[in-house]
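Have a look at the structure below before the remarks.
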Protein chains: 2
Amino acid sequence: MPSDDAVIDLLGALAYGELSAFDHLADDAGLAPTLAGRVRMSELAATEFGHYRQLADRITELGGTPAEAMAPFVAALETYHSITKPSTWLESVVKAYVGYGIAEDFYREVAAFVPDETGKLIRDVLTDAGRAEFAVREVQEAVAEQPSIAGRLALWGRRLVGEAISQTQHVLADRDSLMLLLVEGTGDLTGVAALITRITDRHGERMASLGMNE
Amino acid sequence: MPSDDAVIDLLGALAYGELSAFDHLADDAGLAPTLAGRVRMSELAATEFGHYRQLADRITELGGTPAEAMAPFVAALETYHSITKPSTWLESVVKAYVGYGIAEDFYREVAAFVPDETGKLIRDVLTDAGRAEFAVREVQEAVAEQPSIAGRLALWGRRLVGEAISQTQHVLADRDSLMLLLVEGTGDLTGVAALITRITDRHGERMASLGMNE
């Protein structure tokens, strides 16, 4: 079993992930071409805030302080968001689906390595929240109208996964507790490699569901 | 009893009020000097989105379309927010308390003039949500440290109430259904004047609770 510190570290990373997702999704809602689209993206943001609240409460229950637990992860997540700031509505939709999808896959894998109750909480907050259906519809409609944008959105999807992996590596290099959690949880470095392959495969499936092959 | 159209109009104004509150509170959270303050302001934003959802659902139940019902009120509310964009964290805190407080008082008064079930929904979504305690603490701490800011914040409070009244007048001048709802609900123009006095008095009480006399 991992140490309580490692669990609080993980919850801190996840909590700041949700808080920054709230912030950036709320911001991205301003790119929506319709009030209905703006409502949809705002709703995703509000859902992420609800998840933040659950994770922060668990940190407090475990004896931690949410602000302190999140602090080590602020820089990496804000770097990710500033490098992947959408400049169009469709980029924001793809990011809401693909970018958050990668993060969810990663955390769902890691949830298996922490005590049951916390693992269950993590799996519970990592719901798709209807993102897939929404993103697929928005992107397919746009590509049907203007097929030339498909290539640019496929590149955007690759950039999202690249930056997500890069920032995750920075965090793991900095936080021994999380690196240990991952290596011990998967068994060994081969296990880590298999985990990365699974996450990359699922990313490919999401891009394919948007009509884009990697 | 007011017409269904007037009720949908009122719900549309209120729904866009909540949606734009979500948007601007989420944005203002970025002004917070601490992660804890940012969380608190983000939480207010997420709460407003929950209220938006309830109001939009009621519009749908009454046979309306949320986006259409909100459309007539977008310009007035966005004008209000662009004129009262906070430039400091304390301005955003005073706006979250005083600005939204005025709106809540107004809608709570109007809730008495619409059918029971809708009136109850309006009163339910107009909860203070802990804003008062939060704002009073933040402002009192800041004024204790730096008494000179009290005067500037008092001016800011007056600007918020002035712009809120001005935009409400624009909306009422444009929407006969809402003007009728208000005049018929209060009884006559004397009743409208009494309503405005009550709202202004409550604004004064809020400013006083922040340690600022009008």
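The structure presented is a predicted model; accordingly, all values stated were derived computationally and were not measured. Here is how names work: the chains are called A, B, and so on, in the same order as the sequence lines, proteins then strands, and each is numbered from 1.
Between Leu19(B) and Ser42(A), the shortest heavy-atom contact is CD1-OG, 4.2 Å. Minimum heavy-atom separation, Ala26(B) to Ala26(A): CB-CB, 3.7 Å. Between Tyr52(A) and Val39(B), the closest heavy-atom pair is OH-CG2, 3.3 Å.
The number of heavy atoms from other shown groups lying within 6.0 Å of CZ (Arg152(B)) does not exceed 12.
Looking at Ala67(B), the atoms closer than 4.5 Å to chain A (heavy atoms on both sides) sit in the backbone and in the side chain alike. With a 4.5 Å cut-off on non-hydrogen atoms, Glu43(A) touches chain B through its backbone and its side chain both.
Rounded to the nearest 0.5 angstrom, Phe49(A) CZ and Leu44(B) CG are separated by 8.5 Å.
Note: Arg38(A) leads Arg38(A), Met70(A), Arg53(A) in heavy-atom pairs under 4.5 Å with chain B.
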